[in-house]
Amino acid sequence: MELQEFKRDLLNSIFAANKHTANLSVLFQAFTQVLGELTGIETEFDMNDWSNVNTEFGVAISPVQAAKCTQEQLRSLVFMQGVKAAIEDKLNQGLPEVRILYAGTGPYATLLVPLLAMLPDLPVRATLLDIHKENVSAVQQLIDKLDVVHCIDEVVCTDALKWQPRDADKFDIIISETMTALLKREPQVWIFKHLFPYLQEDGVLIPESIALFATLKRSDAEVQVGEFFNLQRATVKKLSEGDSSVLTGTLTIPEEYEPGDGFKLNTHITVYKEHMLGEHESSLNVPFTIPCEATNLSVGAEVKYQYCNNSSPEFIFDFPKPPKFIQTQQIAPLDEKSALGLVGLLSMFQHSQLKKHRKSIEMPEAVWVCLQTLCDELNISLQNYLATLYQSASIDTLEAWLVTQDTRLNNADFINDLNAKLLK
């Protein structure tokens, strides 16, 4: 494909497209092919021949892996169009020139250089950073061949986590797409933290928001647990000021929890305003579900989380520990009393909890007889009691419900008489 055809036809088609454009895959196949030919780094190369770089705060993926990211058509489309919209908004605000810092360009500088090739008269001055010398060489070739040198201040081979601008430079837009789903492994968080002091007071981060949230996942529905982190301007500002409290917190499991629910984690990205990527629209939005057997969840349970600051960052979740009887699958003896003073209750409750954890243990005959006797003596529907027993998050919850059904349970003499009947 001739360069003029690339600039005039292919790029115009891409920037005019949307997520539902029928020939989107064809457009991006041609797009990556031209970029590969211009830079000498093609997506067909064997990734095993190229190396990642391990930084202090995450992995900088290899040039070929970065090139392959461009093949994700929705991801590339939304980011490219989001950057274009952000630049246009800055110009519409009256800026004579938009200064851009782009950290982690990969070999194609996909989010900016193709746009400049299509619109060479855009009043943009850009500084481009990448840690791989192969990427820097490739981007420099691309800039020269696409004739956008006039838009570029410099291309620097550097670790973006350590780079500092000359003088007191400030940028109108800072771009970095150095991430995976759930902000694992790559240094997106730390790059934004480091570069934020170089953003203008009314400057824009691209992406604007990376929201991570949890839901309860079941076969036919999902229930929101809550957002646990959002990498956006306010968060980055706190991090840059040394406030790391945003990296830890607690999620509370809602009342809608049902036994068997998985704990699902998802990533939603707002590149800029309406330019968004949702679940399964790219590799950045692939959800991850932790099965119920590994979480020990219940209504009201607290799940603590922390973003671990190490060479391969990720959010770590601290789920409630299962009680010993869950691990041993042995329930309390029938004559062991609960806090209320009732025998049998602890045995019944622990058996219901084992069922929640999908443990195949039969209710002992003596416990079943005790359960029926309790319902008869308190005049409680067996069906209602079994449902409450199963749904109760704790033995305290079950006991509180029983007292509402029969106030005689507040009387010690009544409980002693009832216990005698339950143990017959």
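Numbering of residues begins at 1 and proceeds along the displayed sequence.
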>> Nearest 0.5 Å, please: how far is CD1 in Ile395 from CE in Met348?
In response: 9.0 Å
> Do Thr158 and Ile131 come close enough that some side-chain heavy atom pair is under 4.5 Å?
Replying inline: no
>> Could you check whether any side-chain heavy atom of Lys237 comes within less than 4.5 Å of a side-chain heavy atom of Glu241, counting everything from C-beta outward?
In response: yes
>> Side chains of Leu216 and Leu297, heavy atoms from C-beta outward: is any pair under 4.5 Å?
In response: yes
> Do the rings of Phe6 and Phe31 sit parallel, tilted or perpendicular, given the 30° and 60° boundaries?
Replying inline: parallel
> What heavy-atom pair brings Gln188 and Leu231 nearest, and what distance separates the two atoms?
Replying inline: CG-CD2, 3.8 Å
>> With a 6.0 Å cut-off (strictly less than), is the heavy-atom count around CD of Glu255, excluding the residue itself, greater than 12?
In response: no
> Do you see a donor-acceptor pair shorter than 3.5 Å between the side chains of Ser245 and Asp243?
Replying inline: yes
> Any idea which heavy atoms bring Phe15 and Met80 closest together, and the distance?
Replying inline: CE2-O, 3.6 Å
>> For a 4.5 angstrom cut-off between non-hydrogen side-chain atoms, does Leu371 reach Met363?
In response: yes
> Where is the tightest heavy-atom contact between Ile61 and Cys69, given as atom of each residue plus distance?
Replying inline: CD1-SG, 4.1 Å
>> Could you report the tightest heavy-atom contact between Tyr307 and Glu186, atom names first, then the distance?
In response: OH-O, 4.3 Å
> With under 30° as parallel and over 60° as perpendicular, where do the rings of Phe228 and Phe317 fit, or are they tilted in between?
Replying inline: perpendicular
>> Going by the rule side-chain contact (heavy atoms from CB on, under 4.5 Å), which residues pair with Thr21 if we only count those two or more places apart in sequence or in a different chain?
In response: Ala17, Asn18, Asn23, Leu24
> Just one of Leu265, Asn230, Leu183 clears the side-chain contact (heavy atoms from CB on, under 4.5 Å) bar with Leu212, so which one?
Replying inline: Leu183
>> Tell me the closest heavy-atom pair linking Cys157 and His132, and the distance in Å.
In response: SG-C, 4.0 Å
>> Using a strict threshold of under 4.0 Å (side-chain N to carboxylate O), is an ion pair present between Lys7 and Asp147?
In response: no
For residues 99-116, which side-chain donor-acceptor pairs fall under 3.5 Å, sequence neighbours excluded?
unit_1	atom_1	unit_2	atom_2	d
Arg99	NH2	Asp153	OD2	3.3
Tyr102	OH	Leu111	N	3.3
Tyr108	OH	Ile41	O	2.5
Thr110	OG1	Thr70	OG1	3.1

> Where is the tightest heavy-atom contact between Ile331 and His351, given as atom of each residue plus distance?
Replying inline: CG2-N, 3.9 Å
> How far does CE of Met118 sit from CG of Asp9, to the nearest 0.5 angstrom?
Replying inline: 12.0 Å
>> To the closest 0.5 Å, what do you measure between CG (Leu239) and CZ (Phe192)?
In response: 11.5 Å
> Under the 3.5 angstrom rule, does the side chain of His275 hit a backbone N or O of Lys84 as a donor-acceptor pair?
Replying inline: no
>> side-chain contact (heavy atoms from CB on, under 4.5 Å), that's the test. Do Trp401 and Ile380 meet it? Break it down for me.
In response: CA-CA 11 Å; Trp401 178 81; Ile380 296 174; 3.8 Å; yes
> How about Val343 and Leu334: do any of their side-chain heavy atoms sit closer than 4.5 Å?
Replying inline: no
> Hey, are the side chains of Lys304 and Thr248 touching, using non-hydrogen atoms and a 4.5 Å cut-off?
Replying inline: no
> At what distance, to the nearest 0.5 angstrom, does CD of Glu302 lie from OG1 of Thr252?
Replying inline: 5.0 Å
> How long is the gap from CD1 on Ile210 to OG1 on Thr270, to the nearest 0.5 Å?
Replying inline: 9.5 Å
> What is the distance from atom CD of Gln71 to atom CD of Gln33, rounded to the nearest 0.5 Å?
Replying inline: 11.0 Å
> Hey, does Leu195 have a side-chain heavy atom less than 4.5 Å from the side chain of Phe171?
Replying inline: no
>> With a sphere of 6.0 Å drawn around CD of Glu44, does it hold more than 12 non-hydrogen atoms of other residues, nucleotides or ligands?
In response: yes
>> Is any side-chain heavy atom of Asp261 closer than 4.5 Å to one of Ile253?
In response: no
